[in-house]
Amino acid sequence: MGSGIQNPFLQIVEHPDGTITRPYVPVSPPNPKDAPVLSKDLTLNPSHGTYVRLYLPADAKSKGQKLPVVLFFHGGGFVLFSPKDATYHASCEAMATSVQALVISASYRLAPETRLPGAYDDAVEALSWVQSQAANPESADPWLLSHADFSKFFMMGSSSGGNIVYQAAVRAKSMDLSPIRLSGVIINQPYFGGIERTKSEEGSENDPVVPLHSNDMLWRLTLPVGSDRDHEYANPMKATGLAEAVGLGRCMVLGVIGDGLYDRQKVFADMLEQKGVDVVKRLDDTGIHAIELFVPPKAEALFREVREFVYGA
């Protein structure tokens, strides 16, 4: 974390009854007009309280331009944050501009109130919503109708969102997404776990973002009751050997040396490749977990990679 920034994971308070108190996180309202990147919220599932926040570069709107679509899932260890949180709002604005894409940031129900696979179910529901928008232009949101190029549709997730987007992509294999074409999946610093510690985890006791005890706490709050960290939701590399990955389309996996979660990300990328998946690996940079949220040049570098992946598809 940057100087003066308190780690929100260290501020989570667990209670004996299994509930938690979350720290305060600043939020940003959407800005549907008079901004370089326009944004607005649309309801996804009222009974679950889920929604999506759309981001459209204003110049694309003024020119009537169609852009690739990126369905994005935020991080937070499955326990914290939402699309409206100020840090992720700013990041999605920057992504829309840098990548030149229409970004759809999807919320999902958080643990422990809704343990996994609830977030995966919500991700698939968001994907189905996008498909419905593409398939029903008469009822589609005007921004999507006028500016979404659904032949260039991508899913992306960071941290826990990277875990979520992998699971959503696996489920998408059995879905009829027509007329959408899923052109690629971007998995940024995915959050995985396991009982046996990796070398990078062993060195993460004082990690500035996900210290080891916070890592353990997040899985304890997130996994189905009675499960351990080798459950397939946390450790698909061990639980299933990524057998479910066979047949996935083009993927990009990103990670940085210095992230306590790095070793599992590298194993994940290698195993995807072994399953015959077309994988673009970006695992040679250095930094910390979620570094793009704290260091603007790292965000710019990430979005350059995403842009190259999107426009090179």
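Shown here is K66, whose NZ atom has more than 12 heavy atoms of other residues, nucleotides or ligands within 6.0 Å. Around the NZ atom of K298, the shell of radius 6.0 Å holds more than 12 heavy atoms that belong to other residues, nucleotides or ligands. D284 CG: 12 or fewer foreign heavy atoms inside a 6.0 Å radius.
Inter-residue side-chain proximity for L54 and L144 is flagged as met; some heavy-atom pair is nearer than 4.5 Å. Here the side chains of I20 and P112 are in contact, with some heavy-atom distance below 4.5 Å. Taking the side chain as every heavy atom from C-beta outward, Q100 and L67 approach each other to under 4.5 Å. Annotation: side chain of N215 is in contact with side chain of L261 (closest heavy-atom distance under 4.5 Å). The side-chain heavy atoms of V25 and D85, taken from C-beta on, include a pair separated by under 4.5 Å. Between P211 and L10, the closest side-chain pair of non-hydrogen atoms falls below 4.5 Å.
Taking the six-membered ring wherever Trp is involved, the centroid distance between the rings of H289 and Y191 does not fall below 6.0 Å.
Annotation: salt bridge (charged side-chain N to carboxylate O under 4.0 Å, His left out) contacts of E125 (sequence neighbours excluded): none. For E300, the salt bridge (charged side-chain N to carboxylate O under 4.0 Å, His left out) test picks out no residue, with sequence neighbours left out.
Looking only at distances, a side-chain donor or acceptor of S98 sits under 3.5 Å from a matching main-chain atom of A94. Judged by distance alone, the side chain of D230 and the main-chain N or O of G194 form no donor-acceptor pair under 3.5 Å. The backbone N or O of G161 sits nowhere less than 3.5 Å from a side-chain atom of S159 that would complete a donor-acceptor pair. The closest donor-acceptor contact from the side chain of T50 to the backbone of N45 lies under 3.5 Å. Judged purely by atom type and a 3.5 angstrom limit, N163 uses its side chain to pair as donor or acceptor with the backbone of Y233. No side-chain donor-acceptor contact under 3.5 Å links R22 to the backbone of V13. Distance alone, capped at 3.5 Å, is enough to place a donor-acceptor pair between the N7 side chain and the P208 backbone.
Screening residues 55-65 for side chain to side chain donor-acceptor pair (under 3.5 Å), with sequence neighbours left out, gives Y55-H89.
Taking the charged nitrogens against the carboxylate oxygens, E196 and K238 have no contact shorter than 4.0 Å, which rules out a salt bridge. Under a 4.0 Å N-O distance rule, the pair R229/E201 does not qualify as a salt bridge. In summary, R171 and D121 engage in a salt bridge, as defined by a charged side-chain N under 4.0 Å from a carboxylate O. At a threshold of 4.0 Å, the pair E244-K173 does not count as salt-bridged, since none of the basic side-chain nitrogens sits closer than that to a carboxylate oxygen.
In this structure, Y88 and F81 have tilted ring planes: the angle between them lies in the 30° to 60° band. Ring geometry, F192 versus F268: the interplanar angle falls from 30° to 60°, so the pair is classed tilted.
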